[in-house]
J.: 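Have a look at the structure that comes next, please.
Only this structure's heavy atoms are used, side chains among them; waters, hydrogens and symmetry mates stay out. Just so it is clear, the structure is predicted and the values come from calculations on it, not from any experiment.
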Amino acid sequence: QVQLVESGGGSVQAGGSLRLSCVASGSFFGTMGWYRQAPGKQRELVATINYGGGTNYGEFVKGRFTISRDNAKKTIYLQMNSLKPEDTAVYFCWKSAGVWGQGTQVTVSA
């Protein structure tokens, strides 16, 4: 049974940066990624990365975020730069086959 544990959320001012981490227990093969959900909105894709390092990003990212993975550490990361208030959301780690982490809150103030 794969479990995902996120860390690294917090509160920053607009223009700041945060790095999220997600550690997996169990199998680390397959595609992993980050989704986010703001209050009153649907969960949306932020970024995914496959085992070989191929990436895909949501349109709103526009070069501000970078997803990466360390297969030896069974960890994926999301480096978020130039954060905006509209990036405020709970960020969830995801693994193909429908496994989700518990989420970590990111709050960006104007």
Side-chain angles (χ1 to χ4, degrees):
Q1 184 81 14
V2 175
Q3 291 186 323
L4 306 174
V5 178
E6 303 102 331
S7 62
S11 297
V12 294
Q13 291 188 326
S17 299
L18 283 173
R19 188 175 84 152
L20 307 183
S21 300
C22 172
V23 180
S25 63
S27 172
F28 196 62
F29 291 103
T31 297
M32 296 189 66
W34 294 93
Y35 285 73
R36 71 183 189 183
Q37 188 167 19
K41 295 188 177 180
Q42 289 188 330
R43 193 169 294 190
E44 63 179 348
L45 169 72
V46 178
T48 61
I49 184 166
N50 64 28
Y51 194 77
T55 59
N56 180 49
Y57 292 93
E59 288 188 3
F60 63 88
V61 170
K62 296 182 180 179
R64 299 183 298 127
F65 298 175
T66 302
I67 189 171
S68 60
R69 68 190 286 164
D70 184 331
N71 292 333
K73 294 182 178 180
K74 293 187 175 181
T75 302
I76 66 167
Y77 305 95
L78 184 68
Q79 178 66 44
M80 303 187 293
N81 300 325
S82 302
L83 283 161
K84 305 174 182 179
E86 51 264 44
D87 293 318
T88 295
V90 178
Y91 284 69
F92 296 91
C93 183
W94 167 86
K95 187 180 185 300
S96 54
V99 181
W100 295 91
Q102 81 285 355
T104 185
Q105 176 71 46
V106 171
T107 303
V108 185
S109 58

J.: Taking atom CD as the centre, does Q3 end up with more than 12 heavy-atom neighbours from other residues, nucleotides or ligands that are less than 6.0 angstrom away?
T.: no
J.: Is Y35 reachable from V108 through a run of I, L, V, M, F, W or Y residues, each pair having side-chain heavy atoms under 4.5 Å apart?
T.: no
J.: Could you tell me which non-hydrogen atom of M32 sits nearest to which non-hydrogen atom of C22, and how far apart they are?
T.: CE-SG, 4.3 Å
J.: Less than 6.0 angstrom separating the ring centers of F29 and Y51, yes or no?
T.: yes
J.: At what distance, to the nearest 0.5 angstrom, does OG1 of T88 lie from CZ of R36?
T.: 9.0 Å
J.: Mind listing the closest non-hydrogen atom pair of G103 and V90 along with its distance?
T.: CA-CG1, 3.8 Å
J.: Same cluster or not: are M80 and I49 linked, directly or through other Ile, Leu, Val, Met, Phe, Trp or Tyr residues, by side-chain heavy atoms under 4.5 angstrom apart?
T.: yes
J.: Does one hydrophobic cluster hold both L18 and Y77, with members joined at side-chain heavy-atom distances below 4.5 Å?
T.: no
J.: Using the rule that two of Ile, Leu, Val, Met, Phe, Trp, Tyr join whenever any of their side-chain heavy atoms come within less than 4.5 Å, decide whether V2 and I76 are in one cluster.
T.: yes
J.: Answer with yes or no whether the side chains of N81 and S17 bring together a donor and an acceptor at under 3.5 Å.
T.: yes
J.: Hey, does E6 have a side-chain heavy atom less than 4.5 Å from the side chain of L4?
T.: no
J.: Could you check whether any side-chain heavy atom of T75 comes within less than 4.5 Å of a side-chain heavy atom of F28, counting everything from C-beta outward?
T.: no
J.: Has R43 got its NZ or CZ under 6.0 Å from the middle of the six-membered ring of W94, at an angle within 45 degrees of the ring axis?
T.: no
J.: How far does OH of Y91 sit from CH2 of W34, to the nearest 0.5 angstrom?
T.: 10.5 Å
J.: Just checking E59: does its CD atom have more than 12 heavy atoms from other residues, nucleotides or ligands closer to it than 6.0 angstrom?
T.: no
J.: State yes or no: do V61 and I67 share one hydrophobic cluster built from I, L, V, M, F, W and Y residues joined by side-chain heavy-atom distances below 4.5 Å, directly or via other members?
T.: yes
